[in-house]
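Step one of this worksheet: look at the structure below.
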There are 2 protein chains.
Amino acid sequence: MPYDPSAFPPFAVTVDLVVLTVRRHALCALAVRRGEPPFQGRWALPGGFVRADEDLAQAAARELAEETGLRAHDPAVPVQDNGAHLEQLATYGDPKRDPRMRVVSVAHLALAPDLPAPRAGGDASNARWAPVEELLQQGGYGRDGEPVAPLAFDHAQILSDGVERARSKIEYSSLATAFCPPEFTVGELRRVYEAVWGVALDPRNFHRKVTGTPGFLVPTGGTTTRQGGRPAQLFRAGGATLLNPPMLRPEV
Amino acid sequence: MPYDPSAFPPFAVTVDLVVLTVRRHALCALAVRRGEPPFQGRWALPGGFVRADEDLAQAAARELAEETGLRAHDPAVPVQDNGAHLEQLATYGDPKRDPRMRVVSVAHLALAPDLPAPRAGGDASNARWAPVEELLQQGGYGRDGEPVAPLAFDHAQILSDGVERARSKIEYSSLATAFCPPEFTVGELRRVYEAVWGVALDPRNFHRKVTGTPGFLVPTGGTTTRQGGRPAQLFRAGGATLLNPPMLRPEV
DNA sequence: GATCATAGTCGTCTGCCTGACGATAAACAC
DNA sequence: GTGTTTATCGTCAGGCAGACGACTATGATC
């Protein structure tokens, strides 16, 4: 027995993506330029409609693949390959958030290692990685001196919530490894924490902490010199997902 | 310019509520009996359609008031009066979660102090507080010896997620006070933690921890003997929302 | 009224973890 | 070789948590 369609108002349901990565020691998010009204020409988060036969997570994974080529991890499987971490973030449903009609957006958060270059349907000029502070600042000027328009719709709020989720989640989980390539050094992992939190961490205490937490890191045996200086051990992400005790974010 | 309605599939959007409270040293959730198919006669979480002009949080607050008479707090205002804490939990949108049509449910989590009795549109027999283990057990027998049917739809999953959110959130926030009356003793707060986590806590260490965390508790000056034994100091919830360092949940 | 049971509150001690920081190691640039 | 950079190991003091002893203040029971 289907519902009486007059008994409830119809909604459009979309997924929007907060895709974060660390580039050049800065936390960056994927932004796409809108090609049509409303907010034509403004930057926005990637996203799209949920299809009739699609789960929300499937829709988010499909959008992520379309925008970045990344495959999403099965959340039940620990991070192993080069895929991105994908999780539901929150849902935004203010009646006026889209001027055209009633749209409820289920935002998702994706964490990815540094990628070569974004592609938005093949058009590179309409997609870019931008530092999150640049995307979130209101009416300032970007690094190139041009005025910065705020993100379309309520996407500044969504991005802000996604960044806060990422910042708090790397405290008590091993999610920071999702920003790293499959093999990485302790120093690279530390620079991820520093970029996401925007702080400087003591390399010695950080090294002691991450190598001393069981299941966080697994040495691969190899070493590298990627960053100059003494060669560093290479690690993969271990099976542990929850860090106990957590990494402590320095205050202020 | 409205969307072309043929460009996207129409969805129904509902809010479902995980309303938790602590009664008789057990973590309980509000359940309502379904009066119509599908799942007629089965227990389910309270919920309903989001109206055309309503925000998601407004819809959740309205449903909460209809089912329990509780007013929800403005999330920006710290807990002071007898209202309930209300926050968005997660969104569930499996294409088959409702056999009738495509329904996306934005689940919310509410934490309330112990209430006299539930009312579901005035019909008490169709609403009850039930221990969460009882609602979540699959095909067992309840306290009264009658067989227990699983919750309708995917509500067991939603309830499970809500309980897990509550369990983890009282670790690092002062949310446990949302389960307490406006004035409460340290022992009452401890029994909240014990019920939600299902563990026993050392009364002395707990007392030291909560009274030593700045901003968590504010003494009102009064004392009480509600639980027998030596009179205890009464407290109100302080302004702090985040506990740093957090309460530690004993392992296993 | 003495005794007991029940809760609440204050202390002590020990072990672990963290932050601060010195020291050494192994590469590269000149 | 010297200096620079990054990685890694150690040391030490302070803080917090778990274990648990001791004392206090009420009501219940004999």
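Owing to the predicted nature of the structure, the values given are computational and were not obtained by experimental measurement. Lettering follows sequence order; numbering is per chain, from 1.
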Worksheet item: Closer to the 5' end of DNA chain D via nearest nucleotide, is it B:Arg204 or B:Gly229?
Response: B:Arg204
Practice prompt. Tell me which of B:Pro231 and A:Arg191 sits closer to the 5' end of DNA chain D, going by the nucleotide each one is nearest to.
Written response: A:Arg191
Worksheet item: Hey, does B:Arg190 reach any base, or is it just sugar-phosphate, or nothing, if we go heavy atoms under 4.0 Å?
Response: sugar-phosphate
Item to complete: Please identify each residue that fulfils salt bridge (Lys or Arg N to Asp or Glu O under 4.0 Å) with B:Glu171, with sequence neighbours left out.
Response: B:Arg249
Quick one: [X] [atom1] to [N] [atom2], roughly how many Å, whole number?
X	N	atom1	atom2	result
B:Leu243	D:dA17	CG	P	11 Å
A:Glu171	C:dT18	CD	P	13 Å
A:Asp202	D:dA7	CG	P	13 Å
B:Leu201	D:dA17	CG	P	13 Å
B:Phe235	C:dA7	CZ	P	18 Å
A:Leu248	D:dC16	CG	C1'	12 Å
B:Arg226	D:dT26	CZ	P	16 Å
B:Leu217	C:dT9	CG	P	11 Å

N/O (side chain, [X]) to phosphate O (OP1/OP2, [N]) under 4.0 Å:
X	N	result
A:Lys209	C:dC17	no
A:His207	D:dT8	yes
B:Arg230	C:dC10	no

Fill in: Main-chain N/O of A:Leu201 paired with A:Glu194 side-chain donor or acceptor, under 3.5 Å
yes
Consider the side chain of [X], meaning its heavy atoms from C-beta on, and name the nucleotide among [options] that approaches it most closely.
X	options	value
A:Thr185	D:dT8, D:dA7, C:dT9	D:dA7
A:Gln227	D:dC20, C:dC21, D:dT6	D:dT6
B:Asn205	D:dT8, D:dA17, D:dG18	D:dG18

Practice prompt. Would you tell me whether A:Asp16 and A:Tyr92 have side-chain atoms, one donor and one acceptor, within less than 3.5 Å of each other?
Written response: no
Worksheet item: For residues B:Gln157 and B:His155, is any side-chain donor paired with an opposing acceptor at under 3.5 Å?
Response: no
Practice prompt. Could you tell me whether the side chain of A:Arg208 has a donor or acceptor atom within less than 3.5 Å of a complementary atom in the base of C:dG19?
Written response: yes
Fill in: B:Glu134 with B:Arg128: basic N within carboxylate O range, under 4.0 Å
yes
Item to complete: For A:Arg249 and for B:Gly187, find the nucleotide of DNA chain C with the closest heavy atom, then tell me which residue's nucleotide is more 5'.
Response: B:Gly187
